Amino acid sequence: QVHLVQSGGGLVQAGGSLRLSCAASGSIFSRFAMGWYRQAPGKQRESVAVITSGGSTYYGDSVKGRFTISRDNVKNMVYLQMNNLKPEDTAVYYCNADRGPLVDSRYVWGQGTQVTVSS
């Protein structure tokens, strides 16, 4: 059973930067695809960035060129570096672990952290 604990987040001005961190424990972290999702009030949860076990990355169109996902398999950490933040980025951000299609509970979620970008 993998457990995800997030840190980071907070209030920043538009154009600023912020880094989110997610610490994983309890399972084989290096075998999981990891991702960041976000949800703003009244909106659906949106995929922000994904990094596979092999290091391939994928980004939502709205954050391409501004956000970077990375992972450190020694520290069992995944990060989201957010640059040039916009008010539209304001949301609760969730760390996610994808354990693959061969398990009953495929997805594990962190507790969420608020990111607020002021204009």
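What you see is a predicted model; the values in this text were computed from it and never measured.
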Let me know which of N83, N84, L85, L18 forms a side chain to side chain contact (heavy atoms under 4.5 Å, CB included) with F67.
L85

Could you walk me through whether C95 and V78 pass side chain to side chain contact (heavy atoms under 4.5 Å, CB included), step by step?
CA-CA 8 Å; C95 180; V78 62; 3.6 Å; yes

So which heavy atom on R45 is nearest to which on Q39, and how close?
N-NE2, 3.7 Å

Any residue meeting side chain to side chain donor-acceptor pair (under 3.5 Å) with K43, in chain and number order, not counting sequence neighbours:
none

For the residue pair S62 and R38, confirm or rule out a side-chain donor-acceptor distance under 3.5 Å.
yes

Can you confirm whether S105 sits close enough to Y107 that some side-chain heavy atom of one is under 4.5 Å from a side-chain heavy atom of the other?
no

To the nearest 0.5 Å, how far apart are SG in C22 and CH2 in W36?
5.0 Å

So how far is it from R71 CZ to F32 CZ, rounded to the nearest 0.5 Å?
9.5 Å

For Y79, is the NZ or CZ atom of R19 found under 6.0 angstrom from the centre of its six-membered ring and inside 45 degrees of the ring axis?
yes

Salt bridge check: are K64 and D61 linked by an N-O gap of less than 4.0 Å?
yes

Among all residues two or more places apart in sequence or in another chain, which pass the side chain to side chain contact (heavy atoms under 4.5 Å, CB included) test with S7?
S21

In terms of hydrophobic clustering (I, L, V, M, F, W, Y; side-chain heavy atoms under 4.5 Å; direct or indirect links), are V50 and V48 co-clustered?
no

Interatomic spacing from NE2 in H3 to CD in Q111 - rounded to 0.5 Å
13.0 Å

Answer yes if the side chains of T116 and Q114 hold a donor-acceptor pair under 3.5 Å, and no otherwise.
yes

Separation of L20 CG from Y93 OH (nearest 0.5 Å)
7.5 Å

Atom OG of S53 and atom CE of M34: how far apart are they, to the nearest 0.5 Å?
11.5 Å

Main chain of I69, side chain of Q81: is a donor-acceptor contact present, judged purely on distance under 3.5 Å?
no

Quick one: CG on L80 to OG1 on T113, what's the gap to the nearest 0.5 Å?
11.0 Å

Trace of the side chain to side chain contact (heavy atoms under 4.5 Å, CB included) decision for V108 with R99
CA-CA 8 Å; V108 179; R99 302 195 296 162; 4.2 Å; yes

